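These figures come from a predicted structure and were not determined experimentally.
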Amino acid sequence: MGTRPLWTALERIRRADLARFYMPGHKGRMPEPFTQAAPYDVTEIAGADSLYECTGAIRALEEEFADAYQVGDTLLSAGGSTLCIQTMLYMARSRGSAVICGRTIHRSAVAAMGLLGLMPCWLPGRIASRKEGIPGIALPPTAEEVEAAIRRHPDAGSVYITSPDYFGQMADVAAIAEVCHRLGKPLLVDNAHGAHLGCFRAALHPMSLGADFCCDSLHKTLPALTGAALLHLADPADYEEAKYAMSLFGSTSPSYLIMLSAENALEALTTPATPYWDLSVWVNDRKAEAARLGYDVVKGFISDPIRLALGFEGLGHTPESYGKFLRSRGVEPEYLGRNVCVFMLTPQNTPAQLDRLASAMAGAAKGGPQVPEPKYPATLRLPRQILSPGEAMARKEVSLPVSASRGRIASRLVSSCPPGIPLLVPGEEITAQTAKFLQSSGVERVFVVK
């Protein structure tokens, strides 16, 4: 268990009971449900440390996280993984203006590339078949694909991948890291959904597998408030530059409550991980049961041990019918797409809630018709990147119906969140295939370069 340096500092401030002539305006007194938390919601006063110039309690907490994850150094973020992604890409900018990346990249990374003047070089995304997992979702990039991309784009400064992805699929980070390092490229990993991987004894976390930079969203799978995140560095010499970069993008009023909740999450990493191990066993059993019931599930040896993604298309369900059934059984999923449903589980889910989910999974499958595998393309058909995202975002623009946008260049990002994966990137040419895909996703208008 950690020493709780931030809690100690904020509790000392609370007990001192000095008249609060500083921000925030509530002065430590708020009605329910904020009453107990308000005294700890302070600003950068004496004794509280300062996130971007930390030398006291916040710095001590960062060092404890670095020890827990066994990395070179760690930066605390109260702005979620978005702030960490912006910082990683800022660091990558000095190594080259192009970034090799998978198309399952989060929208925040595309936005950061636009702001930083970076050009994405897309990896050739493969689409899963029923034999490989859940039909229609993109598979993680392979080391062979990354090596081929580096040789096609030798001037690219870095490689950026997402692992685990939104559906729990994990890339072979160790093999990709070996390729990147052999060819002189740093590896950046969006591990926003995998902060809990540090709880397992096996080497699952990207930093233990060779990543150079990696972000973790603590709030997604550990007991922390929304917005608590970490940026890990393999080389501690990068700390000062990364801290400066984070200060460029982050709020000058970071929430002390979010940072304090991050300290709470540290205990899940520094105490025995039995709850996460037990949950992984439960999830593995449910995946096996789901496959027997006719669901499509994520396959392969490498997958997030506590993420449950179920493809329901083979059962004959529509998103509407499957969602209606789940909610009738008292279950609300994280995400419900056209053919897949994502359930995010943590040890904070009660046994009764897990039983409810298992019952709903089984009930939704009973009596359902077994539908043949739908036809999806084998690879992602990506449009040409005519302009960099930054160039397209800076141009004058006009809004058009998707039906009238063929041949135009997108000026704005199109993405639904969740899952936050871009449907259209600024600077891409809108082809007939792209327009059809956007319309099938419910997009009616797009902004294009004028």
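Arg126 places a side-chain heavy atom less than 4.5 Å from the side chain of Glu132. In this structure the side chain of Leu233 reaches within 4.5 angstrom of the side chain of Leu231, judged on heavy atoms. Considering only heavy atoms from C-beta on, Ser253 stays 4.5 Å or farther from Thr43 through its side chain. For the pair Met246/Cys84, a side-chain contact is recorded, criterion being any heavy-atom separation below 4.5 Å from C-beta on. Contact check for Ile105 versus Ile421: no side-chain heavy atoms found under the 4.5 Å cut-off. The closest side-chain heavy-atom distance from Pro5 to Arg59 is not below 4.5 Å. In this structure, Leu357 and Leu308 have side chains that are in contact, with non-hydrogen atoms separated by less than 4.5 Å. Side-chain contact between Ile85 and Phe249 is absent, with no heavy atoms from C-beta onward closer than 4.5 Å.
Applying the side chain to side chain contact (heavy atoms under 4.5 Å, CB included) test between His196 and each of Ile306, Leu204, Leu279 identifies Ile306 as the sole match. Each of Leu225, Thr226, Ile258 was evaluated against His219; a single residue qualifies, Thr226, per the side chain to side chain contact (heavy atoms under 4.5 Å, CB included) test.
The number of heavy atoms from other shown groups lying within 6.0 Å of CD (Gln70) does not exceed 12. Counting heavy-atom neighbours within 6.0 Å of Tyr244 OH, excluding the residue itself, gives a total of 12 or less.
A donor-acceptor pair is defined here as one N or O able to donate and one able to accept, closer than 3.5 Å; no such pair exists between the side chain of Asp73 and the backbone of Tyr239. Side chain of Asp49 to backbone of Gly56: a donor-acceptor contact under 3.5 angstrom is found. No donor-acceptor pair closer than 3.5 Å links the side chain of Asn339 to the backbone N or O of Glu313. Side-chain atoms of Ser158 do not come within 3.5 Å of backbone N or O of Pro186 as any donor-acceptor pair. Under the 3.5 Å distance criterion, the side-chain polar atoms of Glu263 are matched with a main-chain donor or acceptor of Leu6. Glu64 places no side-chain N or O within 3.5 Å of a backbone atom of Leu266 that could act as its donor or acceptor partner. Using modelled atom types, one side-chain atom of Thr35 and one backbone atom of Met30 make a donor-acceptor pair closer than 3.5 Å. Asp216 contributes no side-chain N or O that, together with a main-chain N or O of Leu218, makes up a donor-acceptor pair within less than 3.5 Å. Side chain of Thr346 to main chain of Gln348: a donor-acceptor pair is present (N/O by atom type, distance under 3.5 Å, no hydrogens or angles). Between the side chain of Tyr295 and the backbone N or O of Lys287, no donor-acceptor pair lies under 3.5 Å.
Taking CD1 of Ile302 as the start and CG of Asp304 as the end, the distance is 12.5 Å to the nearest 0.5 Å. With rounding to the nearest 0.5 Å, the separation of CD1 in Ile150 from CG in Leu183 is 5.0 Å. Atom-to-atom distance recorded for Leu89:CG and Leu115:CG is 10.5 Å, nearest 0.5 angstrom. Remark: Phe34 CZ to His26 NE2 distance equals 9.5 Å, nearest 0.5 Å. To the nearest 0.5 Å, atoms NZ (Lys220) and CE (Met344) are separated by 6.5 Å. Taken from OG1 in Thr162 to NE2 in His106, the straight-line distance is 9.0 Å, to the nearest 0.5 Å.
Annotation for Cys54 and Lys243: closest pair SG-NZ, 3.6 Å, computed over non-hydrogen atoms. Of all heavy-atom pairs between Arg152 and Trp122, the closest is NH2-O, 4.5 Å. The heavy-atom pair separating Glu62 from Leu75 by the smallest distance is OE2-CA, 3.4 Å. Here the closest non-hydrogen pair linking Val283 and Arg307 is CG1-O, 3.7 Å. Nearest heavy-atom pair across Thr221 and Ala195 is OG1-N, 4.1 Å. Residues Gly47 and Ala9 approach most closely at O-CB, 3.4 Å, considering heavy atoms.
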- [ ] Would you sort out whether Leu310 and Val297 count as a side chain to side chain contact (heavy atoms under 4.5 Å, CB included), showing the intermediate values?
- [x] CA-CA 5 Å; Leu310 301 178; Val297 298; 3.9 Å; yes
TODO: Carefully, step by step, assess Leu222 and Tyr276 under the rule side chain to side chain contact (heavy atoms under 4.5 Å, CB included).
DONE: CA-CA 10 Å; Leu222 293 171; Tyr276 281 89; 3.1 Å; yes
- [ ] Let me see the working for Arg103 and Glu428 under salt bridge (Lys or Arg N to Asp or Glu O under 4.0 Å), right down to the final yes or no.
- [x] CA-CA 13 Å; Arg103 188 60 181 218; Glu428 287 184 336; 2.5 Å; yes
Task: Derivation of the side chain to side chain contact (heavy atoms under 4.5 Å, CB included) call for Arg20 and Val42 - done: CA-CA 9 Å; Arg20 295 192 175 204; Val42 300; 3.8 Å; yes
Open item on the list: Go through it in stages, so that I can follow the logic: the residues are Glu332 and Arg327, the test is salt bridge (Lys or Arg N to Asp or Glu O under 4.0 Å), and I'd like the CA-CA distance, side-chain angles, deciding distance and then a yes or no.
Closed with: CA-CA 6 Å; Glu332 183 63 38; Arg327 294 176 183 114; 2.8 Å; yes
Task: side chain to side chain contact (heavy atoms under 4.5 Å, CB included) between Phe167 and Thr104, intermediate numbers included - done: CA-CA 11 Å; Phe167 305 103; Thr104 54; over 6 Å; no
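Within the structure, the side-chain hydrogen bond (donor to acceptor under 3.5 Å, both in side chains) test picks out the following pairs touching residues 74-95 (sequence neighbours left out): Thr74-His232, Ser81-Ser217. Sorted by first and then second residue, the salt bridge (Lys or Arg N to Asp or Glu O under 4.0 Å) pairs involving residues 268-277 (not counting sequence neighbours) form an empty list. Within the structure, salt bridge (Lys or Arg N to Asp or Glu O under 4.0 Å) contacts touching residues 23-42 (residues at least two apart or in different chains) do not occur.
Contact check on Glu289 versus Arg292 returns no salt bridge, with no Lys/Arg side-chain nitrogen under 4.0 Å from an Asp/Glu carboxylate oxygen. Between Lys324 and Glu320, no side-chain nitrogen of the basic residue sits less than 4.0 Å from a carboxylate oxygen of the acidic one, so the salt-bridge criterion is not met. Ion pairing between a basic and an acidic side chain is recognised when a charged N comes within 4.0 Å of a carboxylate O; Arg395 and Glu391 show no such pairing. Lys185 has no carboxylate O lying under 4.0 Å from a charged side-chain N of Asp212, or vice versa, which leaves the two without a salt bridge.
Aromatic ring pairs are classed by plane angle as parallel below 30°, tilted from 30° to 60° and perpendicular above 60°; the pair Tyr69 and Phe65 is parallel. Using cut-offs of 30° and 60° for the angle between ring planes, the Phe325 and His317 rings count as tilted.
For the pair Arg107 and Tyr166, the NZ or CZ position fails the cation-pi test of under 6.0 Å to the six-membered ring centre and within 45 degrees of the ring normal.
In this structure Tyr256 satisfies the ring-ring contact (aromatic ring centres under 6.0 Å, His included) test with no other residue, sequence neighbours excluded. Checked against ring-ring contact (aromatic ring centres under 6.0 Å, His included), His153 has no partners two or more places apart in sequence or in another chain.
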Contacts under 3.5 angstrom, residues 133-143 side chains, donor-acceptor by atom type, not counting sequence neighbours:
| residue | atom | partner | partner atom | Å |
| --- | --- | --- | --- | --- |
| Thr142 | OG1 | Glu145 | N | 3.1 |

